[in-house]
A.B. asks: 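This is the structure, below, for whatever I ask next.
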2 protein chains.
Amino acid sequence: MLDTTPQTYTRADEAFDCLQTAIVKGDLAPGDKIGELDLCSRFDLTRGPLREALGRLESRGLLVRRPHAGVRVVSLSTTELVELYRIREIMEGLAARQAAERMTDQEIADLQATLDAHETMIDEAHGQAYYQAEGDYDFHHRIATGSRNVKLAQMLLGDLYYMVRMYRYRLSTSAGRPHRALGEHRRIVEAIAQRDGELAEFLMKRHINAARKNIEKKIQEGVLTI
Amino acid sequence: MLDTTPQTYTRADEAFDCLQTAIVKGDLAPGDKIGELDLCSRFDLTRGPLREALGRLESRGLLVRRPHAGVRVVSLSTTELVELYRIREIMEGLAARQAAERMTDQEIADLQATLDAHETMIDEAHGQAYYQAEGDYDFHHRIATGSRNVKLAQMLLGDLYYMVRMYRYRLSTSAGRPHRALGEHRRIVEAIAQRDGELAEFLMKRHINAARKNIEKKIQEGVLTI
DNA sequence: CAAGCCCATATTGTCGACAAACTATGCTGG
DNA sequence: CCAGCATAGTTTGTCGACAATATGGGCTTG
């Protein structure tokens, strides 16, 4: 009895993916009131699967719903966005620690290779934000799965990352930051390669802390208006 | 335009609550394969709202679903259960720290009064596990909301607690532990009352760490079979 | 002229039936 | 006697229509 994992993709899954990417990419902006019929015609779906997808999105915190009053894309206040980074800080710290204890040598090697690829991408793009964002996402993704902590990875990859990515396009990093971030990534991987979980956790927390302070600064400068 | 919060409870919400409590209370045991029609007749619902509730429960990790093959209550392995406590440790630690910074004096006073009530409950019940469990839940609930970190509270109260409570009835604390746990609670509240966030975080992490080690010991003893 | 109420409309919540897919039983062949 | 396959049955996924409710505009009234 092989676990063939039939993996038949259902309409609801399709709807879920469509909506999630639409929200993350900004096609559905925060605060938008979205009607079910609009969405149906937009993604060529029927209301049944759509509603199921909406329920899932709501449960993940990307949508807010009021009975009989429609569904809106969640709109984070500045303080909520900052709080999100505090959560990321500790959770990714734990992920880094456990990754240092559990990643295979092969995975670590792949991770280092990934960083090399990121470096060339950044050089070619002259520090453009987009590639940095993708590379950053890739890096944190690998750490999360490498922790072998299923629930932790699920929470990071399923909940937090999508919310952060929602606001990513407004959080363009300042010039020169890509290189510095890459350096921080390298030091984290070094710690992991040396199986030093404590150091990996410390460096990861500081890495995300820097990002949080960067955002807080921009908010105080009034550059970032949400 | 007062925000009257119409709060009309929909059938889907009803279904969601019913299922969640049924899972937590153990009426639906981990690993059970549950048919939609069974559930409909059981809770007197129709399949539409039920499916929406199932989607939400799946998204929260309490159910696993395979297309066309039914839905089962999630069954945690021992390692997954332990990993859950590692996540709780850091998240509740953060909650305690932020609660120390942000709870109102009134909330802190209420929290202390709650602990007094717990003490009498434990004495009356001669350390019976059930009251301890309820009191423990209440305590951690207040800390989470007191952190004023919406997302953090949402993750703790919405996701983690229900998974932990699912296995609570098997995790009966050893004799005498209720009193010790209460003592730990008191010290945490003391730290919060003194607005010492760092200490509150430390004590909370140690508190949950103790619970985790307790479980690990029981698993190694073979007492706890999941 | 402003504020509050009432009603029409459009949207959401709910229901029952149809179609597609997996599971299990029985049969055939080696 | 066991293994593999085909088929029947049950369960899930999907669809369209009906009912309930919040929003917004117009009206009345102070």
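Labels below follow one simple rule: chain letters A, B, ... track the order of the sequence lines, proteins then strands, and each chain is numbered from 1.
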A.B. asks: Once you round it to whole Å, what is the distance between P of C:dA10 and NZ of A:Lys33?
C.D. replies: 12 Å
A.B. asks: Which nucleotide wins on minimum distance to the side chain of A:Pro49, given the candidates D:dC15, C:dG13, D:dG13?
C.D. replies: D:dC15
A.B. asks: Are more than 12 heavy atoms from other residues, nucleotides or ligands located less than 6.0 Å from atom CG of B:Asp27?
C.D. replies: yes
A.B. asks: Starting at atom CG of A:Asp13, determine the distance to atom C1' of D:dG13, rounded to an integer number of angstrom.
C.D. replies: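 Computing the A:Asp13:CG to D:dG13:C1' distance gives 11 Å.
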A.B. asks: State whether the distance check finds a donor on one side and an acceptor on the other, under 3.5 Å, for side chain A:Arg65 versus base C:dG13.
C.D. replies: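 No pair found.
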A.B. asks: Would you kindly give the CG-to-C1' distance between B:Leu37 and D:dT12, to the nearest whole Å?
C.D. replies: 9 Å
A.B. asks: Heavy atoms under 4.0 Å, any strand shown: does A:Ile34 hit a base, just sugar-phosphate, or nothing?
C.D. replies: sugar-phosphate
A.B. asks: Looking at B:Asp116, I want to see if its CG is surrounded by more than 12 non-hydrogen atoms of other residues, nucleotides or ligands under 6.0 Å.
C.D. replies: yes
A.B. asks: So, A:Arg47 and A:Glu36, do they make that salt bridge, N to O below 4.0 Å?
C.D. replies: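 A salt bridge links A:Arg47 with A:Glu36.
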A.B. asks: Rounded to the nearest 0.5 Å, what separation is found between the OH atom of A:Tyr9 and the CG atom of A:Asp17?
C.D. replies: 6.0 Å
A.B. asks: What distance do A:Gln154 atom CD and B:Asp159 atom CG have between them, rounded to the nearest 0.5 Å?
C.D. replies: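 A:Gln154 CD to B:Asp159 CG: 8.0 Å, rounded to 0.5 Å.
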A.B. asks: When the distance from CZ of B:Arg51 to P of D:dT11 is rounded to whole Å, what number comes out?
C.D. replies: 15 Å
A.B. asks: Under 4.0 Å between a side-chain N or O of A:Arg11 and OP1 or OP2 of D:dT12?
C.D. replies: no
A.B. asks: Closest approach to the side chain of A:His68, judged atom by atom: which nucleotide of C:dT12, C:dT23, C:dT14 is it?
C.D. replies: C:dT12
A.B. asks: Using whole Å, report how far CG of A:Leu54 lies from P of C:dT12.
C.D. replies: 9 Å
A.B. asks: Could you check how far CG of A:Asp44 sits from P of D:dT14, rounded to whole Å?
C.D. replies: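 Atom CG in A:Asp44 sits about 13 Å away from atom P in D:dT14.
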A.B. asks: With the side chain of A:Thr46 defined as its heavy atoms from C-beta on, choose the nearest nucleotide among C:dG13, D:dC15, C:dT14.
C.D. replies: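 Nearest nucleotide to the side chain: D:dC15.
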A.B. asks: Atom CZ of B:Arg66 to atom P of D:dT11: distance rounded to whole Å?
C.D. replies: 16 Å
A.B. asks: Please classify the nucleic acid contact of A:Gly48 as base, sugar-phosphate, or nothing, using heavy-atom distances under 4.0 Å.
C.D. replies: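 The answer is nothing, as A:Gly48 stays clear of every strand by at least 4.0 Å.
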A.B. asks: Side chain of A:Thr10, heavy atoms from C-beta onward: which of D:dG13, D:dT12, C:dC15 has the nearest atom to it?
C.D. replies: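 Selected nucleotide (nearest to the side chain): D:dG13.
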A.B. asks: Of all the nucleotides listed (D:dT14, C:dT14, C:dG13), which has the minimum atom distance to the side chain of A:Glu36?
C.D. replies: C:dG13
A.B. asks: May I have the distance from A:Glu52 (atom CD) to C:dT12 (atom P), rounded to whole angstrom?
C.D. replies: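 The distance from CD of A:Glu52 to P of C:dT12 comes to 17 Å, rounded to the nearest Å.
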